Structures are given as C-alpha cells and as structure tokens.
Amino acid sequence: MDEVEVSTVVYVPPEEVYEFLLDFPGYARYSEYLDRVVQDGDGSPGTNYDLVFSWWKLSYTARSAVTDVSPPTRIDWRIVKDIDAEGYWAVEPDPDGVPADVETASRVRFHVAFDPGSASDNAVDLPRLVSMDWVIEKVKPLIRKEATKIVERVVEDLEGQERDVDLNIHAGPDSV
C-alpha cells in the first residue's frame, strides 16, 4: 500500500474543524483536478460521494463512502470501486500548537492509503498506446501535491485568512 499523510495545526476548536470537514462537497473548490462532488446521504456512515476528476486527457468518477465517524475527532472513508483505497480525517486538540495570541488550536490530519496495483484496467478509457501503469506513475505525485493543497486551503477557510502553514508530510515506503 502507498500512503501519504499531511497534518498541520489550525487555530480553531476541534468541534469546528470536524463540522467543516463534514462538508465534503465543498472540497471541489480546493483541487485543480476535482471538478465536482455529488453527495448521496447526510455525511454519516453509508454516505456516498461521487468525485469527478479530470486530468490531462482523462476523466474519472471515483465513488467513496463514509465508513465510520467519531465526532468530533475522526471521519473514515474508502473508495468503493476500481481501486483499493481508504483514508481518514483526524482532529485532536493541540495545546502545544497554540501561539500566545490564539485561544485554541487543533491538529488536523489527512491520511490516504491505496494500492496502485489494484486499479482496474477498465476504470478509465485510456488513449491508444497509454497504459494504466503509466497513468498511475504520473498520478502518484499529484496525490501528494493535492493532499497538501487541500490541507492548506482547509486551514485558510477555517481561520478566515491565508497564512504560512507548517505542514508535516509523511509517506509510506512505496509512497507518492
């Protein structure tokens, strides 16, 4: 499994961060490659999301499902077609991350794990002479970049202003 995890500190309480993260369709405005998100459900376990991506000459709709929630600390999800992938958002108080002029802080963690070898060859209509392996190798670095961008933009929206965000990026041994 390839893995990437991005975490940072945001200057709002965990409950506020959690409620913000439940608005999954809003993520489309954070990604260059995510065109839209269609939600079927209320954000609780069993809620499905169709994530419509486009990159290069390809378009693809991933279907994810919320598998578990633990308010206000965690939202678990998995991809339910074409590739073995899962992840979570985790939120926890971070008293060590509170600057003197800030009331509260939370650590936000976005984690994704996926098996590139599990990608279905029929998932995407590929141009002639383009292999799924080639696409996967090109997309893997984009996953890390997009995860970073999403966390930075979540912080900006939660805090109401842009700032330099100190990101911790962790990747597994075969990671992006």
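Computation of the quantities below employed the complete heavy-atom set of this structure, encompassing side-chain atoms and omitting hydrogens, waters and symmetry-equivalent molecules. Computed from a predicted model, the values in this text were never measured in an experiment.
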Please name all residues satisfying salt bridge (charged side-chain N to carboxylate O under 4.0 Å, His left out) with [X], sequence neighbours left out, ordered by chain then number.
{"X": "Glu15", "value": "none"}
{"X": "Asp50", "value": "Arg63"}
{"X": "Asp157", "value": "Arg29"}

Give every donor-acceptor pair under 3.5 Å between a side-chain atom in residues 99-107 and any protein atom, sequence neighbours left out.
unit_1, atom_1, unit_2, atom_2, d
Ser106, OG, Val12, O, 2.6
Arg107, NH1, Ser7, OG, 3.3

(request) Could you give me the CA-CA distance, side-chain angles and deciding distance for Val154 and Trp89, then say whether side chain to side chain contact (heavy atoms under 4.5 Å, CB included) is met? (result) CA-CA 12 Å; Val154 163; Trp89 282 100; 4.3 Å; yes

Test item: [X] and [Y] side chains (from C-beta on) under 4.5 Å apart, heavy atoms:
{"X": "Val17", "Y": "Pro14", "answer": "no"}
{"X": "Arg109", "Y": "Val6", "answer": "no"}
{"X": "Leu21", "Y": "Val91", "answer": "yes"}
{"X": "Asp76", "Y": "Val69", "answer": "no"}

Strictly distance-based, threshold 3.5 Å: is any side-chain N or O of [X] a donor or acceptor partner for the main-chain N or O of [Y]?
{"X": "Glu159", "Y": "Gln161", "value": "no"}
{"X": "Thr8", "Y": "Asp166", "value": "yes"}
{"X": "Lys81", "Y": "Ser64", "value": "no"}

Measure the [atom1]-[atom2] distance between [X] and [Y] for me, rounded to the nearest 0.5 Å.
{"X": "Ile169", "Y": "Glu5", "atom1": "CD1", "atom2": "CD", "result": "11.0 Å"}
{"X": "Trp77", "Y": "Glu86", "atom1": "CH2", "atom2": "CD", "result": "8.0 Å"}
{"X": "Ile75", "Y": "Tyr88", "atom1": "CD1", "atom2": "OH", "result": "13.0 Å"}

(request) Walk me through it: do Asp40 and Tyr49 pass the test side chain to side chain contact (heavy atoms under 4.5 Å, CB included)? (result) CA-CA 6 Å; Asp40 180 18; Tyr49 297 96; over 6 Å; no

Atom of [X], atom of [Y] and distance for their closest heavy-atom approach:
{"X": "Asn48", "Y": "Ala65", "result": "OD1-CB, 3.3 Å"}
{"X": "Arg163", "Y": "Val9", "result": "NH2-O, 2.7 Å"}
{"X": "Ile79", "Y": "Ala62", "result": "CD1-CB, 4.4 Å"}

(message) Could you tell me if Arg74 sits above the aromatic ring of Tyr18, with its cationic atom closer than 6.0 Å to the ring centre and no more than 45 degrees from the axis?
(response)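 Not satisfied by the 6.0 Å and 45° rule.
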
(message) Can you list everything that forms a side chain to side chain contact (heavy atoms under 4.5 Å, CB included) with Glu156? Sequence neighbours excluded, please.
(response)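 Glu162.
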
With a 4.5 Å cut-off on side-chain heavy-atom distances among I, L, V, M, F, W and Y, is there a chain of contacts connecting [X] to [Y]?
{"X": "Val4", "Y": "Val165", "value": "yes"}
{"X": "Leu22", "Y": "Phe110", "value": "yes"}
{"X": "Val38", "Y": "Val80", "value": "no"}

(request) I would like to know whether Leu51 and Leu34 meet side chain to side chain contact (heavy atoms under 4.5 Å, CB included); could you show each step before the answer? (result) CA-CA 7 Å; Leu51 296 83; Leu34 181 57; 3.8 Å; yes

(message) Using the side-chain hydrogen bond (donor to acceptor under 3.5 Å, both in side chains) criterion, which residues pair with Ser44? Sequence neighbours excluded.
(response) Asp42

